[in-house]
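Here's the structure, in structure tokens; my notes come after.
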Amino acid sequence: MTTATPTGAERSAPLVGLIAVQILCAAFFLFDVAKDGIEIGWPPFTHWEFVVELLAALSLIAAVAVELRWLMALLRRKAHLERQLSLAAGAFHDIVAAQFDSWGLTPSEQDVAMLTLKGLAIAEIAEIRGSAEGTVKSHLNGIYRKAGVTGRGAFLSLFIEELMSTPRSAPPEGA
């Protein structure tokens, strides 16, 4: 059984709801303070209860404004990080594909190698590909031979070393 990961909008909805409630409360308190000020008459600032209520209402409004700014900043930061992650995922895929090409892997071997890198077992790879476990083992033997390693652990280690030694390219324009 899998559970769906909530989207950004679903995660921020409770916070947006809380801010909306705070805005309503601030409006209510501000209206109440204004009504009290009218009832007290001029100058209302000579009554300490009025001043305390006014300061509380203004503080709540200020807090809501700060929360809105922080929420907007967090949402912008989240969007930026998601773009960066998408770029990194694309770059990782390009590096993987280039390494597989340099080893001369066939498309089937590339598929099995990618599933191996994801940590799937031979039986899982066979099930996903709709092939026999022996076929997957044969592909793995070809992958290991072309990569110059003797097994899964060495393959993963070599691949990680290759990734770590890949020089970083300059970030794309506008990124």
Side-chain angles (χ1 to χ4, degrees), residues 1-101 110-111 113-121 123-125 127-129 152-153 156-175:
M1 182 173 140
T2 60
T3 58
T5 304
T7 64
E10 290 170 343
R11 281 188 233 136
S12 62
L15 186 57
V16 170
L18 181 62
I19 291 172
V21 168
Q22 289 176 333
I23 289 171
L24 290 173
C25 290
F28 172 78
F29 290 131
L30 199 57
F31 174 76
D32 185 54
V33 167
K35 188 179 76 141
D36 289 348
I38 292 170
E39 288 176 4
I40 293 172
W42 192 254
F45 300 108
T46 58
H47 294 77
W48 70 272
E49 295 95 354
F50 174 81
V51 173
V52 169
E53 286 181 13
L54 179 63
L55 290 175
L58 292 176
S59 297
L60 181 57
I61 291 169
V64 169
V66 169
E67 286 175 354
L68 283 172
R69 285 191 65 181
W70 281 358
L71 177 61
M72 296 308 295
L74 286 173
L75 291 175
R76 280 192 300 274
R77 174 80 173 141
K78 179 182 176 287
H80 172 73
L81 291 175
E82 286 175 346
R83 282 191 305 273
Q84 294 297 97
L85 181 60
S86 177
L87 289 171
F92 177 75
H93 184 268
D94 292 345
I95 292 169
V96 169
Q99 187 62 53
F100 289 168
D101 287 342
Q110 288 183 17
D111 191 31
M114 183 62 77
L115 294 171
T116 301
L117 286 174
K118 291 181 179 182
L120 275 67
E124 294 170 317
I125 296 171
E127 183 180 334
I128 289 171
R129 297 196 74 240
R152 181 181 289 243
L156 293 173
S157 294
L158 174 67
F159 198 84
I160 291 169
E161 286 176 27
E162 291 290 330
L163 284 176
M164 292 174 66
S165 67
T166 302
R168 289 185 179 193
S169 60
E173 291 295 320

So C25 and V21, do their side chains get closer than 4.5 Å, heavy atoms only?
yes

Flag side-chain contact, heavy atom, 4.5 Å: L24 against F28
no

The criterion is side-chain contact (heavy atoms from CB on, under 4.5 Å); which residues satisfy it with [X], sequence neighbours excluded?
X: E39; answer: K35, D36
X: I128; answer: L115, L120
X: L156; answer: L117, R152

What distance separates [X] [atom1] from [Y] [atom2], expressed to the nearest 0.5 Å?
X: L54; Y: E49; atom1: CG; atom2: CD; value: 13.0 Å
X: R76; Y: L71; atom1: CZ; atom2: CG; value: 9.5 Å
X: E82; Y: L87; atom1: CD; atom2: CG; value: 12.0 Å
X: E67; Y: M72; atom1: CD; atom2: CE; value: 14.0 Å
X: K78; Y: L85; atom1: NZ; atom2: CG; value: 11.0 Å
X: L81; Y: L74; atom1: CG; atom2: CG; value: 10.5 Å

Looking only at non-hydrogen atoms, find the nearest pair between A26 and I61 and report the distance.
CB-CG1, 3.7 Å

With sequence neighbours excluded, residues passing ring-ring contact (aromatic ring centres under 6.0 Å, His included) with F50:
F45

How would you list, by chain and number, every residue that makes a side chain to side chain donor-acceptor pair (under 3.5 Å) with E53, sequence neighbours excluded?
none

Q110 and D101: CA distance, side-chain angles, deciding distance, side-chain contact (heavy atoms from CB on, under 4.5 Å) verdict:
CA-CA 9 Å; Q110 288 183 17; D101 287 342; 3.2 Å; yes

Taking atom CD as the centre, does E124 end up with more than 12 heavy-atom neighbours from other residues, nucleotides or ligands that are less than 6.0 angstrom away?
yes

Under 3.5 Å donor-acceptor, S59 side chain and L55 backbone
yes

With R129, which residues qualify under salt bridge (charged side-chain N to carboxylate O under 4.0 Å, His left out), at least two apart?
D111

